[in-house]
S.K.: 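My questions will all concern the structure given below.
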Amino acid sequence: MKKVYAFEKNCLGCGLCEVYCKTAHSKSKDIIKTYRKENITSAIVIEEILSPKAKTYFALQCRHCADPKCVKACISGAMYKDQNGIVKNIKEKCVGCLSCVLVCPFGAVKRNKDKERKIISKCDLCIETGTPACVENCPNNALKLMDEEEVK
Amino acid sequence: MSISLITPQFEVLRDEKKCIQCKVCVKQCANEVHRYDEEDNVVLADDAKCVNCHRCVVLCPTKALKIRNNSLEFRDNANWNGKAINEIFIQAETGGILLSSMGNPKPFPIYWDKMLLNASQVTNPSIDPLREPMETKVMIGRKPKKLEFDKKGKLITEIPPQIELNMPIMFSAMSYGSISKNAHEALARAAEKLGIVYNTGEGGLHKDFYKYGKNTIVQVASGRFGVHLNYLEAGVAIEIKMGQGAKPGIGGHLPGIKVGEDVSATRMIPVGADAISPAPHHDIYSIEDLSQLIFSLKEATNYKKPVLVKIAAVNNVAAIASGIARAGADAIIIDGFRGGTGAAPTRVRDNVGIPIELALAAVDQRLRDEGIRNEVSIVCAGSVRNSSDIVKAIALGADAVYIGSAALIAIGCHMCHSCSTGKCNWGIATQEAELVKRLNPDLAYQKLVNLLSAWNHEIKEMLGGMGINAIDSLRGNRLMLRGVGLNQKELDILGIKHAGE
Amino acid sequence: MLKKEGEIRIPSGCAISGIIDKKRNRFNGSDIIKSIALMHDRSNGLGGGFAGYGIYPQYKDFFALHIFYDNETIKHKTEDFLNAHFEIESAGNIPTRKVSSIANKPLIWRYFVQPRIYKVKDLCMDEKEFTARCVIRINREFDGAYVFSSGKNMGAFKGVGYPEDIGDFFMLENYEGYIWTAHGRFPTNTPGWWGGAHPFTMLDWSIVHNGEISSYDANRRFVEMYGYNCALQTDTEVITYLLDLLVRKHNLPIEKALQILVAPFWNEIEKENPEKAKELKALRTVYASALINGPFSILVGYEDGLIALNDRIKLRSMVMAEKGNKTFFASEESAIRVICPEPENIYHPAGGEPIVVKLEAKI
């Protein structure tokens, strides 16, 4: 299956992927409104690594594992792997137990920021639009939607 | 310690209605103009640090940013304008010479814009390049006086080595050091894809780029950095740089801070050492010395590489070019004063040299007057901005052009004239790893390919319009040009008629 | 006042026609007049002319100079110059007859000459080069005199008028040659100067041309490096000089010279076998500036035969046909059929395909 791969040699750490991830998952689909009126958690996070020579950045998001631990750990059946291999979370079923956050080996599942209802937030690959929002808007081609074979 | 009299050159305008405090600008500005104030949840800017490179403007997802010239004005004075005053403030504070980057920005006449091209009407059909063959291939190198055949009709003259170009465009010399490795990679790969050449500049050839040898010109300049046998043999030609349009008569200086391990290895100098190219070659004090170097390089490479000589366009350029042709150079590059540079003394950049158009016309005519134009190639450099500049340059007499600034603009340069700071936000004129990575060679190379493919299309369209189907027939074809708003002296030097004549 | 050729570049459209008998059987000028007359509508009465080869057998070792003079004064001055440089074997008017449509004729003289040997030796050149230089000098420096033909055993006849009237005027039925070419001109802007009509000649070269070359200034500035002076600013002049340079001065075989003028496209060169490709590449590389571009069809007469040449993408018409020993060329097939009702091997030479019909060796 195609997944988003991050190429750290090209990642600038600009954070635009986060901006566009939030917008893509907003109701308004408008950047400014998303930031002003909606409180959305980005499913992709830029990690900044301070190594001795230079800053390195790494874009972190769900790997859509073949055998996802989060699905196994889910107590309400909200987390599942769909027929395309995408690991998804049904918001309505999520009870906010955060078991998936605990078991994810990548730290790619986050708690949302919504104070009213505590549920989790993760990458849904938003592939229905053709290209995930983060890939589409990466200014330096550091994020690519690729097959595992292509990456190798 | 006294107060600084220098005021910011630019103003950063942020539309607070649009700013979402995403901090992209904060993270992207290497000059640290933008900063986020957590207490007030607001992004602020320090105007004084801004060089107007547009990095933040382009990356801002809500287009909340604009950069403007500082609206602060001095009392009106055509003579003591703000620039003149500020330059004095700077020098009074620093005690140093003023440094600038890129080419002469002053409003001297741009003759490209004062020449117009011809097109066929009625008596001569124009040719549609989409339907008919249209050739833009050129050969750069020395041509024998004539060809000889034996009695059986077999060619006996050996043709000296040539650079074959699919289009009359080459990437001009920009050293690894002055620009980043990623920029070099983009140029090299684009040259390979397009069937043209790029030029190492005086920074040696990085070990990763030897594979692009067929599309490489290696340069030998006054500092002789990175010159060894493999290097000389790596490319399709060797260029001796005698001068540069942006700073005629001046050498080069790559500050030690830009000499990291890779640059050090490529230039063959210690890490952190300043790389200083002397103003003259200290083994070339006259034309006969140049001839000796030309033939030394040919000897070293067994006469398999053309040797090109690059000079700045200065007062006596025609006579100098003639001397270079007779000294054995296979091609002469004439570099005009609008040509770019990583760093030049401002006074030199702005006041030394002559416009490339006049220099090119004078050189071409001089070599023809001496009957040797056909034996040597002429390359026009120094701010060729688009395909029509190229067509005009060739009609004036050039075989091909070099583009430097245009290529850099294609990969993101915004002409902020701050190359010398080494903090290029676009990853071009910098050696800082986190800035260099901003230039993804995969994307940059494609942009160069796109630009030159587009230009080549445009050149073909213009050729077709003139009823010409090979660029050979445009070279020196000055009847295809007409001047507008030029005086008789200018027309005479350019060798063209005025529009309407 | 309108400027004449040499003061301004005048584009023109045209008709051309040519006949060669490769066995050197001579025939008079009636057929060529008839052929060019059929294409009357392709010219506009502002220029017509002919070239005949083999027409002066009794003077075949002498350069035949045909000269237009504006007046007697310049004629005397020019003749002084001729006397100083040449032994004049014979001099006289070129016979003409009165034709109502031909007006304002200049003085038209003909001289059969040999260069003065000591002068040729002094200058260390051969007699052709010497003669060529003298012709160029007269045309450049003797205002009001114009040498319009200077070959051996050949001559050009031209003037302002329709070609058939010019042929009649010069009484070409009285000349017999084994090659004839003709030209009718449709200039877009000319006061009608006799020297500006075609053919243009230089020594044995004569060229009639239909077209307007867009490479003109590139070609002109190239040949002018080698001592030529394109005084007339016409296409035929520059093409003649290119051929003279390549064949006479650079000693290239005629076929190679033609491969320079209408060089094969680069992608065609790549398809050739390596040796041929190398040769073609060399020709294009060294003589890039001699490539002729833009629409043209030309007929080139020279001492060994007749050459027909089209531009590389055939933007001007040209037909050829054969009958017996004769080969015919014309802008239109009808101009061949009018003098040869049952032609054989009708052929339309392709763009950039030179056709060279050589005369058989003299017996």
S.K.: Between L283(C) and chain B, with a heavy-atom cut-off of 4.5 Å, which part of the residue counts as in contact: side chain, backbone, both or neither?
M.R.: both

S.K.: Work out which heavy atom in G153(B) is nearest to a heavy atom in E279(C); give both atom names and the distance.
M.R.: O-OE1, 4.0 Å

S.K.: Using heavy-atom distances under 4.5 Å, tell me whether M139(B) contacts chain C through its side chain, its backbone, both, or neither.
M.R.: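 Looking at M139(B), just its side chain touches chain C.
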
S.K.: Does any non-hydrogen side-chain atom of P295(C) lie less than 4.5 Å from one of P125(B)?
M.R.: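 A side-chain contact exists here, since the closest heavy-atom pair is under 4.5 Å.
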
S.K.: When heavy-atom pairs shorter than 4.5 Å are enumerated against chain B, which of E224(C), R284(C), K278(C) gives the highest number?
M.R.: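 Of the candidates given, the most pairs with chain B belong to R284(C).
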
S.K.: Under the criterion side-chain contact (heavy atoms from CB on, under 4.5 Å), I'd like the reasoning laid out for R221(C) against D364(B): C-alpha separation, chi angles, the key distance, then a yes or no.
M.R.: CA-CA 10 Å; R221(C) 297 181 75 227; D364(B) 177 70; 2.7 Å; yes

S.K.: Distance-only, no hydrogens or angles: does the N124(B) side chain make a donor-acceptor pair with backbone N or O of G294(C) under 3.5 Å?
M.R.: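 A pair under 3.5 Å: no.
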
S.K.: Counting only non-hydrogen atoms closer than 4.5 Å, can you tell me which residues of residues 154-161 of chain B sit against chain C?
M.R.: K154(B), L155(B), E158(B), I159(B)

S.K.: Taking D217(C) for its side chain and L479(B) for its backbone only, find out whether a donor-acceptor pair lies under 3.5 Å.
M.R.: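 Checked: pair present.
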
S.K.: Please round to the nearest 0.5 Å and tell me the distance separating atom OH of Y287(C) and atom CG of L147(B).
M.R.: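 It comes to 5.0 Å.
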
S.K.: Measure the NZ-CD distance between K281(C) and Q162(B) for me, rounded to the nearest 0.5 Å.
M.R.: 9.0 Å

S.K.: Pick one of side chain, backbone, both or neither for E375(B), based on which atoms fall under 4.5 Å of a heavy atom in chain C.
M.R.: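 No part of it gets close to chain C.
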
S.K.: Is any NZ, NE, NH1 or NH2 atom of the basic residue among K256(C) and E148(B) found under 4.0 Å from an Asp or Glu carboxylate oxygen of the other?
M.R.: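 Between E148(B) and K256(C) there is no salt bridge, as every charged N stays at least 4.0 Å from the carboxylate O atoms.
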
S.K.: Are more than 12 heavy atoms from other residues, nucleotides or ligands located less than 6.0 Å from atom NZ of K314(C)?
M.R.: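 Counting other residues, nucleotides and ligands, NZ of K314(C) exceeds 12 neighbours.
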
S.K.: Rounded to the nearest 0.5 Å, what separates atom CD1 in I127(B) from atom CG in L315(C)?
M.R.: 5.5 Å

S.K.: Run S289(C) and D472(B) through side-chain contact (heavy atoms from CB on, under 4.5 Å) and show every step you take.
M.R.: CA-CA 6 Å; S289(C) 295; D472(B) 306 318; over 6 Å; no

S.K.: Please report the closest heavy-atom contact between S215(C) and N477(B), naming both atoms and the distance.
M.R.: CA-ND2, 3.5 Å

S.K.: Could you walk me through whether N469(B) and R312(C) pass the side-chain contact (heavy atoms from CB on, under 4.5 Å) test, one step at a time?
M.R.: CA-CA 9 Å; N469(B) 61 13; R312(C) 303 197 298 168; 2.9 Å; yes

S.K.: Can you tell me how far apart NZ (K143(B)) and OG1 (T285(C)) are? Round to the nearest 0.5 Å.
M.R.: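 The NZ atom of K143(B) sits 6.5 Å away from the OG1 atom of T285(C).
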
S.K.: Could you give the distance from NZ (K145(B)) to OH (Y226(C)), rounded to the nearest 0.5 Å?
M.R.: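 Rounded to the nearest 0.5 Å, the NZ-OH separation comes out at 9.0 Å.
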
S.K.: Any heavy-atom pair between the side chains of P133(B) and I313(C) that's under 4.5 Å?
M.R.: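 I313(C) reaches P133(B) side chain to side chain.
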
S.K.: Which atom names give the shortest non-hydrogen contact between M480(B) and S214(C), and what distance separates them?
M.R.: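 The pair with the smallest heavy-atom distance is CE-O, 3.1 Å.
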
S.K.: Counting neighbours of CD on E501(B) that are heavy atoms of other residues, nucleotides or ligands and sit closer than 6.0 Å, is the number greater than 12?
M.R.: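 Counting other residues, nucleotides and ligands, CD of E501(B) exceeds 12 neighbours.
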
S.K.: For chain C, which residues from residues 394-401 of chain B lie under 4.5 Å away (heavy-atom distances)?
M.R.: L396(B)

S.K.: Considering heavy atoms only, which positions within residues 247-255 of chain C lie below 4.5 Å of chain B?
M.R.: K249(C), H250(C), L252(C), P253(C)

S.K.: Checking N293(C) side chain against S473(B) main chain: does a donor-acceptor pair fall under 3.5 Å?
M.R.: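 No, N293(C) side chain to S473(B) backbone: no donor-acceptor pair under 3.5 Å.
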
S.K.: Give the member of R478(B), M466(B), R373(B), Q365(B) that has the highest number of heavy-atom pairs under 4.5 Å with chain C.
M.R.: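 Sorted descending by pairs with chain C, the first entry is R478(B).
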
S.K.: Check whether any side-chain N or O of R368(B) sits under 3.5 Å from a backbone N or O of M225(C) as a donor-acceptor pair, and report yes or no.
M.R.: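 Such a contact is absent between R368(B) side chain and M225(C) backbone.
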
S.K.: Residue by residue, scan residues 318-332 of chain B and write down, ordered by number, those that have a heavy-atom distance under 4.5 Å to chain C; if none do, write 'none'.
M.R.: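 Checking residues 318-332 of chain B against chain C gives no residue, so none.
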
S.K.: At a heavy-atom separation under 4.5 Å, does F296(C) approach chain B through its side chain, its backbone, both, or neither?
M.R.: neither

